[in-house]
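To keep things clear, I will list the structure first and then write my remarks on it.
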Amino acid sequence: MILTRDLTKNYGKASAVSNLNLKIEAGQFYGLLGPNGAGKSTTIHMLTTMTTPTSGEALVAGLQVSDNPVAIRRSVGLVFQDSALDRTMSVDENLLFAAAMYSLPPKEANPRIDELLSIFNLQHKRHDKLSTLSGGQRRAIDIARGVLHKPKILFLDEPTIGLDLPNRRAIWRFVEKLRHNEGMTIFLTTHYLEEATACDWVDFIMSGQLQHGGTPEKLIKELGAYILDITSPDPDAIKSQLTPQFGVPLEEYEQLSFKIPTDDVDFYQLQQVLGDAISSMQWRRPNLNDVYLWTYGC
Ligand SMILES: Nc1ncnc2c1ncn2[C@@H]1O[C@H](COP(=O)(O)OP(=O)(O)O)[C@@H](O)[C@H]1O
Ligand SMILES: [Mg+2]
């Protein structure tokens with residue numbers, strides 16, 4: 001569905017994306033992960049013909065981006081960090097307006113809008129003004145807008161940024177339902193990395209360069225069995241006790257994070273041994289955010 005060869009975008013002397021080689025199969029849920037300024041949005045802009053690559057090639061839905069901007073824009077759905085909706089209009093008006101831009105006549109657009117609003121449990125909001133919806137509901141309408149024309153690929157550029165946790169979870173339920181109902185390929189960027197766990201494949205990008213990638217399960221499993229977080233008034237004492245067994249921790253102020261490679265550590269016993277040297281201690285399974293922190297630092 002997406003194939004790139006040495007795709008590159010320079011702004012003056014600065015390189016936003018360098019020699020990107022991607023291959024994304026139809027139906028995949030793909031995640032491009034990295035910090036602010038890494039080149040995620042630029043990649044999406046090149047793949048959706050919104051910006052011209054400096055060099056390299058990209059095929060999207062079998063079409064060369066450089067030769068087929070109109071056809072590509074019909075094949076892709078886009079949801080940006082910034083909403084594309086008009087808050088002074090109703091949900092219905094916003095979606096019918098977007099449908100008209102895709103040349104969808106109201107006879108086709110109306111049942112499609114019903115279908116999407118019911119996926120998002122927002123049927124009852126159809127005639128409400130957008131400004132009366134919650135942030136999460138508005139983001140769901142943005143996604144509905146992005147898929148009105150049944151695109152083959154949906155690009156989601158940090159779709160949950162600025163939302164609180166319950167709303168972020170709701171957005172992920174909607175995306176999952178969409179994927180299930182419509183089988184579309186999804187290209188996601190996010191810096192809430194733990195949210196990309198549902199992806200089939202993730203790649204990390206840093207300063208425009210693609211880093212390592214893999215399935216989330218594999219990357220998390222390779223990291224270790226547990227992450228042990230300890231806060232202590234005397235971090236050096238904790239380090240001298242635990243580093244011989246677990247290696248050098250990540251350190252931030254009074255918090256230490258150890259990577260625990262195996263499943264057989266008795267944390268309760270460890271807690272007793274450390275006793276008063278710790279103010280708090282918790283252990284948990286690693287997530288993709290831990291993979292990122294341990295690989296690339298804070
Ligand atoms: N229109 C532009 N003009 C100049 N520099 C840009 C432009 N768009 C992006 N950049 C630069 O390219 C780099 C990658 O940006 P971007 O793709 O937006 O990153 P991300 O989406 O990962 O946060 C950044 O250093 C950014 O400042
Ligand atoms: Mg961005």
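Just so you know, these numbers use all the heavy atoms, side chains as well, and skip hydrogens, waters and symmetry mates. This chain uses plain numbering: 1 for the first residue, then up along the sequence. In each ligand, atom 1 is the first atom listed, and ligand 1 is the first ligand listed. Everything numeric in this text was worked out from a predicted model, so none of it was measured.
Using a 4.0 Å cut-off between charged side-chain N and carboxylate O, E194 and R168 make a salt bridge. Using a 4.0 Å cut-off between charged side-chain N and carboxylate O, E176 and R179 make a salt bridge. Salt-bridge formation is detected for the pair D263/R285: a Lys NZ or Arg NE/NH1/NH2 atom is positioned less than 4.0 Å from an Asp or Glu carboxylate oxygen.
For the pairing with L242, the side chain to side chain contact (heavy atoms under 4.5 Å, CB included) check across V273, L270, V248 returns one residue only, L270.
Contact of the I2 side chain with the Y30 side chain is not registered, since no non-hydrogen atoms from C-beta on lie closer than 4.5 Å.
No side-chain donor-acceptor contact under 3.5 Å links D92 and S90. In the model, S232 has no side-chain atom that pairs as donor or acceptor with a side-chain atom of D234 under 3.5 Å.
Every protein residue with a heavy atom nearer than 4.0 Å to ligand 1 is included here: Y11, A16, P35, N36, G37, A38, G39, K40, S41, T42.
Residue contacts to the Mg ion (ligand 2): T42 brings no N, O or S atom closer than 2.8 Å.
The OG atom of S41 and the OE1 atom of Q81 meet at the Mg ion (ligand 2) at an angle of about 80°, given to 10°.
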